[in-house]
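Structure provided below as structure tokens; questions to follow.
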Amino acid sequence: MSTSKEDISDKIGLNKKSNRSWLWIGVAAVAIGVGGYMYLSGGDAVGGSLSYGTEAVVRTDLDVAVSAVGSIEPTDLFDISSELSGTVSTVLVDYNDVVTKGSVLARLDTTKLEAQLAVQQASVDSAAAKVEQAEATLEEARENYEIGQQLIERGIESETAFIAQEAAFRRASADLKSAQASLDLARANLELVQVDLDKACICSPVDGVVLERDIDPGQIVAASFSAPTLFTVAEDLTRMELRVDVDEADIGMVRVGQSASFTVDAYDARSFPAEIFQVRYASETVDGVVTYKAILSVENADMSLRPGMTASAEITVASVDDALVVPNAALRYTPSSEKAEITAGGGGSGLVGMIMPSRDDDEGAVQTVGKAVYVLQDGVPVRIPVRVGESDGMVTEVISDTLSEGDLVITDEFDG
């Protein structure tokens with residue numbers, strides 16, 4: 001008697017969904033068990049041995065620097081303009097000319113001003129003559145008044161005549177004061193014209209070098225609303241300043257008095273010294289990036305540096321003499337077995353966390369609190385806790401009672 005395939009399947013349970021589910025659960029359990037065995041055995045069951053990259057612990061002087069970019073500018077820069085409107089008659093200097101305080105840089109046409117000066121001088125002379133006339137009149141009126149006083153006391157002169165003499169004396173005194181006021185006014189007007197005439201001479205306020213010249217003979221200067229800049233003079237190019245933008249993440253380490261060095265594109269192989277003398281509180285934001293301006297003093301005795309040069313500066317914010325240092329990669333390194341434990345051992349969650357076995361604390365569980373480096377001893381990474389100090393981005397100062405100069409710290413591992 002033959003049996004159909006359907007009957008056989010029903011008898012062994014292959015057509016039941018519940019039996020299939022148990023089958024897949026069994027497969028998963030076997031896979032997890034194999035994985036747990038490999039984890040507890042440190043991965044040696046599959047994959048072979050490991051090799052390690054190491055570097056020696058060294059002692060050295062460590063300098064921590066902050067990088068910033070900026071430009072070279074003169075310490076004292078003067079923009080020279082004209083308060084007076086007019087036509088430029090002559091220009092006496094050009095770019096790079098050395099000037100002294102009071103040197104004439106350019107002159108405006110003064111024909112009209114000179115005519116006005118002559119008119120005001122004539123007014124002063126006329127007013128001075130009127131003062132002299134008023135003084136003479138006052139002197140005459142005073143004498144008549146004094147004689148009248150003597151005559152009226154003797155009863156020789158009438159009261160009416162004396163009153164007229166007194167009034168004439170007072171009028172003469174007032175006329176003198178008026179003439180004196182007119183003279184003062186004329187002199188003031190003369191002085192105003194003289195001031196304008198002096199301003200027609202555009203002069204240097206300091207000893208320095210002409211950096212910019214924006215004026216030519218025949219050009220009309222209009223200073224009615226805002227005075228245009230005609231010349232730019234740097235007082236002393238042997239003393240310059242470097243203005244750099246310091247990132248907000250680094251500004252807390254930057255202080256007045258810190259030393260720095262910088263380079264410019266014109267002299268690739270040369271480093272220039274500098275020192276911070278000002279750190280500004282105001283921030284500057286460009287494209288969402290916040291920076292703060294630091295000003296560094298620069299000596300430029302050989303005149304190598306020029307205004308506007310772009311400079312890349314390294315500001316020394318900390319220095320440690322004879323520091324015990326390790327590569328930063330050594331502080332980031334963790335053995336592969338411990339990496340697995342951090343992600344799954346004792347700290348996992350969900351189904352894997354409940355099923356996956358974990359090592360007991362007395363079997364070398366990872367202590368993730370604090371910094372540490374690993375030293376290779378007898379082919380095994382040994383964890384050494386350390387305290388970290390300053391870092392220059394490549395190496396970091398470490399403080400440890402067990403770590404010594406010459407020890408080989410692990411920076412990486414490879415499948416061997």
Side-chain angles (χ1 to χ4, degrees), residues 78-92 99-207 215 217-231:
F78 295 85
D79 292 329
I80 301 171
S81 57
S82 174
E83 297 181 38
L84 195 65
S85 299
T87 303
V88 178
S89 61
T90 56
V91 177
L92 303 176
V99 297
T100 58
K101 184 176 182 179
S103 296
V104 179
L105 307 180
R107 286 192 178 93
L108 300 179
D109 185 7
T110 58
T111 303
K112 184 178 180 180
L113 289 174
E114 289 172 354
Q116 291 177 349
L117 184 67
V119 170
Q120 294 302 327
Q121 184 62 57
S123 297
V124 170
D125 295 341
S126 175
K130 289 180 179 180
V131 169
E132 291 180 3
Q133 182 179 356
E135 289 175 345
T137 302
L138 177 61
E139 184 64 26
E140 180 184 8
R142 180 183 291 110
E143 292 178 358
N144 291 335
Y145 173 69
E146 291 174 352
I147 292 173
Q149 279 186 320
Q150 296 175 1
L151 294 177
I152 198 171
E153 289 175 357
R154 297 177 184 178
I156 299 175
E157 186 174 77
S158 65
E159 187 72 21
T160 302
F162 176 71
I163 291 174
Q165 291 170 342
E166 183 180 13
F169 171 66
R170 291 180 177 178
R171 282 194 299 269
S173 179
D175 289 342
L176 177 60
K177 292 180 180 178
S178 178
Q180 187 64 53
S182 296
L183 177 60
D184 293 340
L185 178 60
R187 286 174 175 170
N189 289 332
L190 176 64
E191 187 175 351
L192 286 175
V193 177
Q194 185 63 57
V195 169
D196 286 343
L197 190 60
D198 293 340
K199 290 179 180 178
C201 175
I202 302 171
C203 302
S204 175
V206 294
D207 297 342
I215 187 174
Q219 181 177 337
I220 296 176
V221 178
S224 302
F225 300 101
S226 61
T229 299
L230 307 179
F231 298 93

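Excluded from the calculations below are hydrogen atoms, water molecules and symmetry mates; all remaining heavy atoms, backbone and side chain alike, are included.
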Restricting to non-hydrogen atoms, name the atom on V193 and the atom on L113 that form the minimum distance, rounded to 0.1 Å.
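Looks like CG1-O, 3.5 Å.
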So which atom in I202 and which in L230 form the shortest heavy-atom distance, rounded to 0.1 Å?
CD1-CD1, 3.4 Å
Provide the closest heavy-atom pair for K101 versus P205 in the form atom of the first, atom of the second, distance.
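So the two residues come closest at CG-O, 3.3 Å.
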In this structure, CD of E83 is separated from CG of D198 (nearest 0.5 Å) by 11.5 Å
CD of Q149: more than 12 outside heavy atoms within 6.0 angstrom?
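Buried by this count: over 12 neighbours within 6.0 Å.
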With rounding to the nearest 0.5 angstrom, report the CG to OG distance, L183 to S123.
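So the gap between those two atoms works out to 10.5 Å.
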Pairwise salt bridge (Lys or Arg N to Asp or Glu O under 4.0 Å) hits with a residue in residues 160-186, at least two apart
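Checked against salt bridge (Lys or Arg N to Asp or Glu O under 4.0 Å) - neighbours excluded - the pairs reaching residues 160-186 are E166-R170.
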Under the 3.5 angstrom rule, does the side chain of S126 hit a backbone N or O of A122 as a donor-acceptor pair?
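Side chain of S126 to backbone of A122, a donor-acceptor pair under 3.5 Å: no, none is there.
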To the nearest 0.5 Å, what is the distance between CD (Q194) and CD (Q121)?
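Reported value, rounded in 0.5 Å steps: 9.5 Å.
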Does any part of the side chain of L105, heavy atoms only, come nearer than 4.5 Å to the side chain of L92, both counted from C-beta?
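With C-beta onward as the side chain, the pair stays apart.
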Spacing of OG1 belonging to T100 relative to CG belonging to D207, to within rounding of 0.5 Å
6.0 Å
Which heavy atom of S204 sits nearest to which heavy atom of I80, and what is that distance?
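The pair with the smallest heavy-atom distance is CA-CD1, 4.2 Å.
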Measure the CG-CG distance between D125 and L190 for me, rounded to the nearest 0.5 Å.
9.0 Å
Between A134 and A179 the two heavy atoms that sit nearest each other are CB-CB, 4.1 Å
With side-chain contact (heavy atoms from CB on, under 4.5 Å) as the test, would you mind laying out the steps for C203 and V104 before giving the verdict?
CA-CA 4 Å; C203 302; V104 179; 4.2 Å; yes
Could you give the distance from OG1 (T110) to NZ (K112), rounded to the nearest 0.5 Å?
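Answer for the OG1-NZ pair, T110 versus K112, is 13.0 Å.
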Heavy-atom closest pair (E114 atom, L197 atom, distance to 0.1 Å) is CG-CD1, 4.1 Å
Side-chain contact test, heavy atoms from C-beta onward, threshold under 4.5 Å: evaluate it for L176 versus V131 and give yes or no.
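Yes, close enough: below the 4.5 Å cut-off.
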Just do the side-chain contact (heavy atoms from CB on, under 4.5 Å) check on Q116 and N189 with the steps written out, would you?
CA-CA 10 Å; Q116 291 177 349; N189 289 332; over 6 Å; no
Does any N or O in the side chain of S89 come within less than 3.5 Å of the main-chain N or O of R107, such that one atom is a donor and the other an acceptor?
yes
Evaluate the side-chain contact (heavy atoms from CB on, under 4.5 Å) criterion for residues F169 and N144: first the C-alpha distance (whole Å), next the side-chain angles of each, then the deciding distance (0.1 Å), finally the verdict.
CA-CA 8 Å; F169 171 66; N144 291 335; over 6 Å; no
Under the side-chain contact (heavy atoms from CB on, under 4.5 Å) rule, what do V124 and Q120 come out as? Steps first, then yes or no, please.
CA-CA 6 Å; V124 170; Q120 294 302 327; 5.6 Å; no
Determine whether more than 12 heavy atoms belonging to other residues, nucleotides or ligands lie under 6.0 Å from atom CD of E146.
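Yes, the 6.0 Å shell around CD holds more than 12 heavy atoms from other groups.
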